[in-house]
Number of protein chains: 2
Amino acid sequence: MGAVVGRKRGFDRDEVLDQITRAFWRDGYQATSVAGLTEATGVNPPSLYAAFGDKRALFTGAVDRYQATYGRFASRALDEEPTARQAVERMLTEAAVEYTTPGRPRGCLVLSAPELHELRDQAMRAVEAKIRHDVDTGALPAGTDAHRLAVFVAATARGMSSLARDGATRAELCDVARTALSAWPAPVP
Amino acid sequence: MGAVVGRKRGFDRDEVLDQITRAFWRDGYQATSVAGLTEATGVNPPSLYAAFGDKRALFTGAVDRYQATYGRFASRALDEEPTARQAVERMLTEAAVEYTTPGRPRGCLVLSAPELHELRDQAMRAVEAKIRHDVDTGALPAGTDAHRLAVFVAATARGMSSLARDGATRAELCDVARTALSAWPAPVP
DNA sequence: CCCAATCTGTAACGTCCACTACAGAACGGG
DNA sequence: CCCGTTCTGTAGTGGACGTTACAGATTGGG
């Protein structure tokens with residue numbers, strides 16, 4: 001079990017994966033070159049390929065890491081908040097913060113990369129399930145269209161990510177979240 | 001005036017520019033190769049370069065054409081509708097249709113291409129000016145934050161374009177527009 | 001202290017890219 | 001009918017890309 005012998009890796013795998021994640025996050029899959037990654041990380045191509053695989057594998061590794069760290073806030077809000085309303089409110093207001101945090105790329109990696117359509121659908125379905133649960137249990141009016149509301153939340157998050165990438169301020173994104181939430185149906189009394 | 005002599009061009013310049021527009025619209029600037037454009041149009045590279053210039057010029061020509069045709073609906077709504085509310089309502093509902101019209105790429109070219117940040121800002125400022133006018137003339141409540149509302153409209157349009165690219169239906173986009181409009185401030189009576 | 005195993009840097013591989021040199025074909029004016 | 005002019009197709013240019021062959025460096029086990 002474990003490597004029996006051999007020269008030790010000359011770089012911190014997690015640290016390098018983080019730099020790779022930020023590169024893909026900032027520039028997207030296509031615009032990020034392996035040569036650029038070696039320059040950003042100081043790790044030469046053979047070592048990158050040995051540690052992570054080809055460019056596609058580098059990207060999926062970066063996406064996995066993104067979801068486990070920077071993008072974790074969304075599923076956390078859905079898991080930890082009791083109602084859909086509270087979960088979406090927290091998700092969107094935290095998104096305003098996450099999408100404009102200095103020292104990292106702006107916006108959301110998953111919402112920006114065209115090739116991650118599947119992950120976006122998953123996220124939207126999770127929001128829809130949270131809403132549907134509240135409709136079923138009577139916390140939201142019986143007539144509420146859970147799918148429609150989830151699509152609207154998805155649109156808001158995507159719009160916020162796009163605006164963040166174009167340089168929108170944190171306050172502007174908070175206002176977008178607040179305005180969007182004003183379209184939320186009144187809770188059952 | 002006019003060319004004095006010489007062989008005539010073997011293709012319809014506008015028709016070819018339209019195919020080029022659709023290619024950039026569908027795949028973006030980077031993912032569109034000149035080789036792909038020659039295949040899509042049947043026009044060889046030297047003729048393309050003679051007629052339009054280099055790849056960057058091809059792209060800006062395509063964007064210009066897009067704004068003059070497919071994307072015209074937005075500025076038309078702002079120009080032709082009397083109130084900001086009516087203009088935005090028409091803009092978003094027509095966007096739902098335009099973004100999902102069969103036989104052409106989905107979503108908006110300007111909202112999808114990262115390099116067109118400037119054009120997006122222009123569009124948002126136009127919406128903001130329309131709203132500010134209604135606030136100044138009393139058609140909207142005096143406390144209305146025109147900028148904040150314009151950013152929200154921009155977020156909605158971007159969200160709709162992104163959803164359209166991921167395959168959202170026309171009905172879903174109409175619902176997003178309707179829900180977003182429910183956040184519009186009540187008009188002054 | 002040697003050895004098999006693993007990682008490292010150098011330097012290249014073939015492929016695709018945007019772009020163009022060149023020669024010939026099609027045109028209208030004289 | 002020739003001529004200058006403009007367009008066209010072929011066939012390349014140099015460069016960037018993702019990926020890897022290879023030889024040397026470094027490790028721990030025996």
Side-chain angles (χ1 to χ4, degrees), chain A residues 1-65 109 113-116, chain B residues 1-65 109 113-116:
Chain A
M1 46 202 57
V4 190
V5 284
R7 180 174 176 172
K8 284 191 287 193
R9 188 180 284 128
F11 57 91
D12 183 332
R13 196 183 186 278
D14 277 6
E15 187 183 336
V16 163
L17 183 54
D18 187 65
Q19 295 175 278
I20 292 171
T21 301
R22 285 161 179 263
F24 280 123
W25 185 0
R26 179 159 46 90
D27 300 328
Y29 178 76
Q30 313 192 62
T32 302
S33 69
V34 177
L37 292 178
T38 71
E39 184 165 4
T41 61
V43 178
N44 289 325
S47 300
L48 282 183
Y49 279 80
F52 303 104
D54 66 2
K55 190 186 177 188
R56 206 97 223 171
L58 278 166
F59 182 65
T60 63
V63 172
D64 287 349
R65 181 185 172 82
L109 168 59
E115 40 271 308
L116 298 180
Chain B
M1 49 199 60
V4 190
V5 282
R7 179 174 177 172
K8 285 191 285 193
R9 189 180 283 128
F11 57 91
D12 183 332
R13 195 183 186 278
D14 276 7
E15 185 183 335
V16 162
L17 184 53
D18 187 65
Q19 296 176 277
I20 291 171
T21 301
R22 285 160 180 262
F24 280 123
W25 186 359
R26 180 158 47 89
D27 301 328
Y29 176 76
Q30 312 191 63
T32 302
S33 69
V34 177
L37 291 179
T38 71
E39 182 165 4
T41 61
V43 178
N44 290 326
S47 301
L48 281 183
Y49 281 87
F52 302 103
D54 67 1
K55 191 188 176 186
R56 207 97 223 169
L58 278 166
F59 182 64
T60 63
V63 172
D64 287 348
R65 179 184 173 82
L109 168 58
E115 40 271 309
L116 298 180

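Labels below follow one simple rule: chain letters A, B, ... track the order of the sequence lines, proteins then strands, and each chain is numbered from 1. Note that this is a predicted model, so its numbers are computed, not measured. Note: hydrogens, waters and symmetry copies are ignored here, and every other heavy atom, side chains too, is used.
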Pick the nucleotide of DNA chain C nearest each of B/D54 and B/G6; which residue has the one closer to the 5' end?
B/D54

Could you tell me how far apart B/F11 (CZ) and C/dA26 (P) are, to the nearest whole angstrom?
17 Å

Does the Lys NZ or Arg CZ of B/R9 fall within the cation-pi geometry relative to B/F11 - under 6.0 Å from the ring centre and within 45° of the axis?
yes

To the nearest 0.5 Å, tell me how far B/T32 OG1 sits from B/L58 CG.
10.5 Å

A/Y29 OH to D/dC17 P, straight-line distance once rounded to whole Å
13 Å

Side-chain N,O (A/N44) to OP1/OP2 (C/dT8) below 4.0 Å:
no

Counting the atoms with a prime plus P, OP1 and OP2 as sugar-phosphate, which does A/V34 contact under 4.0 Å by heavy atoms, base, sugar-phosphate, or nothing?
base

What is the separation between atom CG on B/L48 and atom P on C/dC17, rounded to the nearest whole Å?
15 Å

Quick note, A/S33 side chain, CB onward, closest among D/dT20, C/dA4, D/dC17 is D/dC17

Which residue, B/K8 or A/A35, contacts DNA chain D at a nucleotide closer to its 5' end, judged by nearest heavy atom?
B/K8

Is A/S47 near enough to C/dT8 that one of its side-chain N or O atoms lies under 4.0 angstrom from OP1 or OP2?
yes

Here the distance between atom C1' of D/dC17 and atom CZ of A/F59, to the nearest Å, is 18 Å

From CG (A/L37) to CD1 (A/I20), nearest 0.5 Å
5.5 Å

Whole Å only: how far is the CG atom of A/L37 from the P atom of D/dT19?
11 Å

Under 4.0 Å, counting only non-hydrogen atoms across every strand here, what does A/T32 touch: a base, just sugar-phosphate, or nothing?
sugar-phosphate

Return the value, rounded to whole Å, for the distance between atom OH of A/Y49 and atom P of D/dT20.
7 Å

Worked check of side-chain contact (heavy atoms from CB on, under 4.5 Å) between B/V16 and B/R13
CA-CA 5 Å; B/V16 162; B/R13 195 183 186 278; over 6 Å; no

Checking contacts here: which listed nucleotide (D/dG9, D/dG4, D/dA25) is nearest the side-chain heavy atoms of A/R7?
D/dA25

Geometric cation-pi criterion, B/K55 with B/Y29: 6.0 Å, 45°
yes

Does B/K55 place a side-chain N or O at less than 4.0 Å from the phosphate oxygens OP1/OP2 of C/dA18?
yes

B/Q30 CD to D/dA16 C1', straight-line distance once rounded to whole Å
14 Å

